[in-house]
Asks: 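Let me begin by handing over the structure; questions about it come next.
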Amino acid sequence: MGSFHIPQSQNPRLYTTERSVLSQRCYGEDGVRIPRATLKEAQTALLEYLHSTRSIQFVDAENMSKNSPHFLRKLLKKVEIVKDVRRSMSRFLRYHPINEFEPFFESLGLKPCEYTPLLPRDLMFLSDDCLLLENYRVLCEFGVERNKIGQIYKKAVQVFQHDFGVLLLKLQAYQKLGLSQSFIAKIIVYSPHVLTGGIDIKFIKVLEILNGLGFDYAWIKEHLSEKEFYNWSMIFRVLKFFREMGCSGELGGLISQHPRLLFEGSSGRVLSLIAFLLKFGLQMDRISSMFLQFPQIQVSHFVSNIIRFFLFFQEIEMEVDEIGKIVCSYPILLGSCTLKKTSSLLHDLNVGKKRLCKYIQENPQELSKWGMGTRVRPLPDSGEGVESQKLKTKFFLDLGYGENPNMLKKAFKVFRGRGGELQERFDTIVNAGLDQEDVSKMVRVSPQILNQSKALIQSKIDILVNELGFPLSSLILFPSYLSYTTQRVRLRLAMYNWLKDQGKAEPDLALSTIISWSDKIFLSQCVNNHPSGPQVWEDLKAEFTGDK
């Protein structure tokens with residue numbers, strides 16, 4: 001390859017001692033940058049090494065030395081500077097070969113955090129990967145900017161694994177279809193997968209449709225981003241879907257006003273949105289109308305906002321049918337507003353879930369006023385609170401609390417829920433088959449059992465009787481059973497039954513004892529009675545709780 005002469009600039013004396021303090025000066029906690037003269041000398045030494053010693057083409061070596069600042073900083077930390085940077089680095093490189101893929105990938109526009117996972121495990125020298133260099137040079141000669149080639153490698157490493165001559169043929173194949181060289185050079189940066197197989201037919205069809213709607217290649221390039229991954233098959237599906245929805249006449253205007261519908265996330269979010277709305281029963285013509293009125297907002301944010309509302313409706317226990325009605329009637333409203341957290345809304349509105357559901361169903365437009373950053377005022381008093389207080393007072397009197405003010409005050413603190421709800425929960429236990437007087441005594445002993453929904457109470461009674469095989473009368477002796485989670489009950493009974501089968505547990509241990517013991521006491525009094533007990537206990541916990 002011969003050699004070449006690089007003029008040596010006059011080196012200022014930067015150090016007062018023989019050993020370098022460069023790393024302390026340039027890489028300290030204060031973040032001081034490398035002096036320009038030092039950086040220039042380091043670049044020159046690296047260029048000379050790559051070209052003269054490693055025989056890398058001058059243009060490539062120069063690009064690597066000038067566009068790999070992170071690598072140079074790391075390299076300089078290892079070098080002992082004696083008199084001048086260039087000679088010290090040259091001497092270091094003579095005895096310490098570098099991993100050439102690091103400055104190479106960095107010069108292609110990748111950050112260390114991006115290229116580190118891409119480094120070949122068993123290679124250090126670029127010459128060992130001839131296909132990489134060959135395809136890299138094909139892209140350079142075709143007009144792809146060197147600092148953009150890293151994005152191609154990151155998204156589609158297969159492009160650099162083509163055999164000699166294959167990549168150029170693929171590029172020429174797109175040219176033969178009428179695409180300009182400059183357009184192809186830009187497109188493959190945004191969407192390098194068009195070069196991994198045969199001609200991407202869906203990509204060509206998308207271009208034809210967009211051209212037919214009046215969008216030229218310059219417009220397409222303008223709305224593509226290196227940060228996105230483009231699935232042209234999915235984009236084609238969305239264009240086809242818009243046509244089938246009846247948007248053909250307005251499709252050009254829709255795309256012109258909202259190009260994100262096509263290019264953000266390769267239209268995947270648009271398809272997700274359509275599927276979501278179809279699931280709730282929104283008709284195709286309504287979906288088409290929604291897109292024609294689509295707000296100036298990112299598609300991902302629109303979808304996220306709708307899902308946020310959906311989860312909010314679930315959290316306030318709104319019926320599924322009612323959720324569907326609101327989603328189908330007000331998709332634009334839901335997608336345009338980023339809702340506050342459920343807990344914040346319940347607090348700010350000073351309302352319970354049941355009343356909030358009713359209020360939303362009657363005033364759905366109010367949802368737009370509950371977005372992030374807005375001040376939410378409490379709902380006006382509906383008068384339901386006074387009626388609830390009357391029902392609660394009557395319920396407490398019927399339980400036998402009497403008209404003693406102190407007793408009533410204590411009862412109001414213990415029992416949660418509206419008056420009608422407390423009565424409904426009480427009746428649920430009675431309707432299961434217990435005497436009303438017995439249930440009254442149960443509630444006086446364990447008032448917290450009514451602080452649960454009707455459905456949960458029914459479920460716990462069903463588990464006790466039909467799954468665990470205990471008589472209903474067990475509740476009279478142990479009403480607190482209804483306060484424990486079904487998970488805890490099932491776990492404790494499963495462990496107890498296993499120990500009983502092994503002859504290591506008292507056969508007639510009371511249900512209240514099995515359930516109410518703390519974990520520590522239950523382990524010492526029951527589980528540890530058998531050598532395998534602790535392991536069985538952990539296995540059962542994994543089975544009933546999902547813990548590993």
Side-chain angles (χ1 to χ4, degrees), residues 59-60 63 66-67 104-111 114-115 118 132-162 165-239 252 255-268 270 298-299:
V59 175
D60 299 333
N63 185 59
K66 287 186 176 181
N67 296 291
F104 177 71
F105 284 140
E106 188 175 350
S107 70
L108 302 187
L110 295 178
K111 298 176 182 178
E114 293 178 304
Y115 70 67
L118 304 175
L132 170 63
L133 287 176
E134 166 67 15
N135 290 302
Y136 158 70
R137 286 165 184 154
V138 168
L139 293 174
C140 290
E141 292 171 6
F142 196 77
V144 181
E145 297 175 57
R146 290 175 185 267
N147 64 348
K148 303 295 184 184
I149 293 178
Q151 291 300 319
I152 300 176
Y153 191 92
K154 181 181 174 183
K155 293 177 182 177
V157 68
Q158 306 96 307
V159 172
F160 298 84
Q161 296 169 348
H162 290 309
V166 173
L167 180 57
L168 182 59
L169 289 175
K170 289 179 178 291
L171 293 168
Q172 291 171 345
Y174 283 108
Q175 285 183 292
K176 290 177 181 178
L177 292 173
L179 304 184
S180 69
Q181 184 171 329
S182 61
F183 179 70
I184 299 171
K186 287 288 185 182
I187 283 293
I188 59 179
V189 173
Y190 304 133
S191 183
H193 282 85
V194 299
L195 296 176
T196 56
I199 290 179
D200 192 326
I201 301 300
K202 293 296 190 295
F203 166 60
I204 299 300
K205 287 186 176 180
V206 168
L207 295 182
E208 290 174 351
I209 293 173
L210 292 177
N211 288 160
L213 293 171
F215 299 105
D216 58 17
Y217 293 149
W219 182 93
I220 296 171
K221 285 193 294 184
E222 179 186 346
H223 291 91
L224 296 179
S225 169
E226 295 174 21
K227 297 179 181 179
E228 291 280 1
F229 174 87
Y230 295 101
N231 184 326
W232 296 101
S233 177
M234 195 172 291
I235 294 174
F236 175 73
R237 285 177 59 194
V238 170
L239 284 170
I255 295 173
S256 176
Q257 193 173 1
H258 304 286
R260 289 194 185 101
L261 292 176
L262 277 189
F263 300 127
E264 185 185 323
S266 295
S267 302
V270 172
Q298 288 187 9
V299 183

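Predicted model, so just to flag it, every value in this text is computed and none were measured. Scope of the values below: all heavy atoms of this structure, side chains included, with no hydrogens, waters or symmetry mates.
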Asks: Can you measure from CG (Asn135) to CG (Leu167) and round to the nearest 0.5 angstrom?
Replies: 5.0 Å

Asks: Which donor-acceptor pairs under 3.5 Å do the side chains of residues 205-215 make with protein atoms, sequence neighbours left out?
Replies:
from: Asn211; atom 1: ND2; to: Phe215; atom 2: O; distance (Å): 2.7

Asks: At their closest point, which heavy atom of Val270 faces which heavy atom of Leu261, and how far apart are they?
Replies: CG2-O, 3.1 Å

Asks: Salt bridge (Lys or Arg N to Asp or Glu O under 4.0 Å): which pairs involve residues 168-190, sequence neighbours left out?
Replies: Glu145-Lys186

Asks: Residues two or more places apart in sequence or in another chain: which of them pass salt bridge (charged side-chain N to carboxylate O under 4.0 Å, His left out) with Glu114?
Replies: Lys154

Asks: Tell me, please, which residues at least two apart from Ser233 pass side chain to side chain donor-acceptor pair (under 3.5 Å).
Replies: none

Asks: Spell out, as yes or no, whether a donor-acceptor pair under 3.5 Å connects the side chain of Tyr136 to the backbone of Arg146.
Replies: no

Asks: Taking C-beta and beyond as the side chain, do Ile152 and Val157 meet within less than 4.5 Å on heavy atoms?
Replies: no

Asks: Excluding sequence neighbours, so at least two apart, what forms side chain to side chain donor-acceptor pair (under 3.5 Å) with Ser182?
Replies: Ser180

Asks: Which residues pass the side chain to side chain donor-acceptor pair (under 3.5 Å) test with Lys155, not counting sequence neighbours?
Replies: none

Asks: Answer whether the closest heavy-atom distance between the side chains of Phe142 and Gln175 falls below 4.5 Å.
Replies: yes

Asks: When rounded to the nearest 0.5 angstrom, what distance separates CD in Glu106 from CG in Asn147?
Replies: 12.0 Å

Asks: In Å and rounded to the nearest 0.5 Å, what is the CG to CG distance from Leu195 to Leu171?
Replies: 5.5 Å

Asks: Taking only residues two or more places apart in sequence, or in another chain, which ones meet Leu224 in a side chain to side chain contact (heavy atoms under 4.5 Å, CB included)?
Replies: Ile187, Tyr190, Ile220, Tyr230, Trp232, Phe263

Asks: Please answer whether the main-chain N or O of Ile188 pairs with a side-chain N or O of Ser191 as donor and acceptor at a distance below 3.5 Å.
Replies: no

Asks: For the residue pair Tyr153 and Tyr115, is the inter-centroid distance of their aromatic rings smaller than 6.0 Å?
Replies: no

Asks: Is there side-chain contact between Phe104 and Leu132, with at least one heavy-atom pair below 4.5 Å?
Replies: yes

Asks: Report the distance from atom CD1 of Ile255 to atom CD of Gln257, rounding to the nearest 0.5 Å.
Replies: 12.0 Å

Asks: Can you tell me how far apart CD (Gln181) and OH (Tyr174) are? Round to the nearest 0.5 Å.
Replies: 15.5 Å

Asks: Counting N and O atoms only, with roles assigned by atom type, does the side chain of Asn67 sit under 3.5 Å from a partner on the main chain of Ser107, one being a donor and the other an acceptor?
Replies: no

Asks: Who are the ring-ring contact (aromatic ring centres under 6.0 Å, His included) partners of Tyr217, not counting sequence neighbours?
Replies: Phe183

Asks: Which heavy-atom pair separates His162 from Thr196 by the least distance, and what is that distance?
Replies: CE1-O, 4.0 Å

Asks: Who are the salt bridge (charged side-chain N to carboxylate O under 4.0 Å, His left out) partners of Arg237, not counting sequence neighbours?
Replies: none

Asks: Going by the rule salt bridge (charged side-chain N to carboxylate O under 4.0 Å, His left out), which residues pair with Lys148 if we only count those two or more places apart in sequence or in a different chain?
Replies: Glu226

Asks: Quick one: list whatever passes salt bridge (charged side-chain N to carboxylate O under 4.0 Å, His left out) with Lys66, sequence neighbours left out.
Replies: Glu62

Asks: Is the closest side-chain heavy-atom distance between Phe236 and Ile204 below 4.5 Å?
Replies: no

Asks: With sequence neighbours left out, write down each residue that passes side chain to side chain donor-acceptor pair (under 3.5 Å) with Asp200, or none if nothing qualifies.
Replies: none

